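Notes follow the structure.
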Amino acid sequence: MTRPAAAMALLAELTHRCPLQCPYCSNPLELERAAAELDTATWCRVFSEAAEMGVLQVHFSGGEPTARKDLRELVRHAADVGLYSNLITSAVLLDRDRIAALAAAGLNHVQISIQDSEAPGADRIGGYAGGHDKKLAVARLVREAGLPLTLNAVVHRQNLQNLEAMIALAVELDARRLEVAHVQYYGWALANRASMLPTRDQLEQATKVVQAARERLKGILTIDYVVPDYYAHKPKACMGGWGRQFLNVSPSGKVLPCHAAESIKDLRFDSVTERPLRDIWENSEAFRRFRGTDWMPEPCRSCDQRELDWGGCRCQALALAGNAALTDPACGLSPHHADLLALAERESASPPPAFRYRRIGATAAV
Ligand code: SF4
Ligand code: FES
């Protein structure tokens, strides 16, 4: 077998702890506890191994990565080994001193999530009183520290009416980039799909708003747009193809091809505590299972798109068609596609149920 090319980026899920409780979180329902988290030295070794195998970027993520007290050391080590670093954060645990320390340690970029355009809606969705105003204050401090800022607006049927205002907020905060991301339904978000999935009309309206803003804000703000798969005809090339560009390391050290891979129960995931990162990337069963095209069933196997979208998303195929080894139902050629559209129409037209907030230990209580 030929050796796979090196991964481009490592998503380091430093912790599953998080002060927010967003119902759209893509973390698994069974969150890993603090006692299981990798220590500082192990994370640093992982970053060294990643750089040696050709990885270019590290995204510090979670949960909330700033809940780790050693974040500055981790950032410094990533910089020392030549990795470009991005902090994906809710921002509510940051202040001026900590931002300055992270910048001095070599952090390259900050990405802050917002839940809505105004505090009442945003704090309700995030389950954190005072969170929205704190985020805006921290976003300004990030820019004052000279760090580039991306704002990440996760949109769904309970905040899409404020999309214009979220775009205006990104301009006001001097963000270089805005990611308007419709919720992707994995982990907690899948459990909350009925309260978040937009109607087709809402989706079309949002798409028009984004297209107009892209025109209007050329040279001022770049807007990335992630649409919900449920109304798509072509699937996304999830993760750029399984085991082709990205790897995730969970808080306890499990190496995953994507953030939701643990939903595929018949896969076994190796840990950085037991095997070198490169060996896991190249040879582990979990990465080899859906890498390339050999695993594909029809209609993917004979489709001319198979090396462009890589059959879509394995986790979505499992969630919606019951089998991770099938064509993603987001594809119009999937035999499950019509069922998916019917489900989207039905759920989005029903009154939204109450949110199921993301909390460590909440699974059993709901
Ligand atoms: Fe992609 Fe498979 Fe659909 Fe072809 S059949 S477009 S390869 S998901
Ligand atoms: Fe797992 Fe798409 S989220 S392959």
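As the structure lists them, so they are numbered: ligands from 1, and atoms in each ligand from 1. As the structure is a prediction and not an experimental result, all values here were calculated from the model.
Here Trp281 and Phe287 bring their ring centres to under 6.0 angstrom of each other. The distance between the ring centers of Phe47 and Phe60 falls below 6.0 angstrom.
Using a 4.0 Å cut-off between heavy atoms, Cys313 contacts ligand 2 through both its backbone and its side chain.
With respect to Arg278 and Glu49, no salt bridge is recorded, no charged nitrogen being found less than 4.0 Å from a carboxylate O.
In terms of protein heavy-atom proximity, atom 4 (Fe) of ligand 1 is nearest to Cys303 SG, 2.3 Å. Atom 4 (S) of ligand 2 has Arg314 N, 3.4 Å as its closest protein atom, hydrogens excluded (heavy atom only). Residue, atom and distance of the protein heavy atom nearest to atom 7 (S) of ligand 1 are Asp309 OD1, 3.4 Å. The protein non-hydrogen atom at the shortest distance from atom 3 (Fe) of ligand 1 is Cys331 SG, 2.2 Å.
Checked by atom type and distance alone, the side chain of Asn192 never pairs as donor or acceptor with a backbone atom of Phe355 at under 3.5 Å.
Taking every non-hydrogen atom of Arg306 and a distance limit under 4.0 Å, the qualifying atoms of ligand 1 come out as 7 (S). Every atom of ligand 1 is numbered from 1 in the order shown, and the set under 4.0 Å from a heavy atom of Pro235 is 8 (S). Within the listing of ligand 1, atoms 8 (S) sit less than 4.0 angstrom from a heavy atom of Gly311.
Side-chain N/O atoms of Thr40 and Glu73 include no donor and acceptor closer than 3.5 Å.
For atom 2 (Fe) of ligand 1, the set of nearby N, O or S atoms under 2.8 Å includes one belonging to Cys300.
At most 12 non-hydrogen atoms from other residues, nucleotides or ligands lie less than 6.0 angstrom from CG of Asp294.
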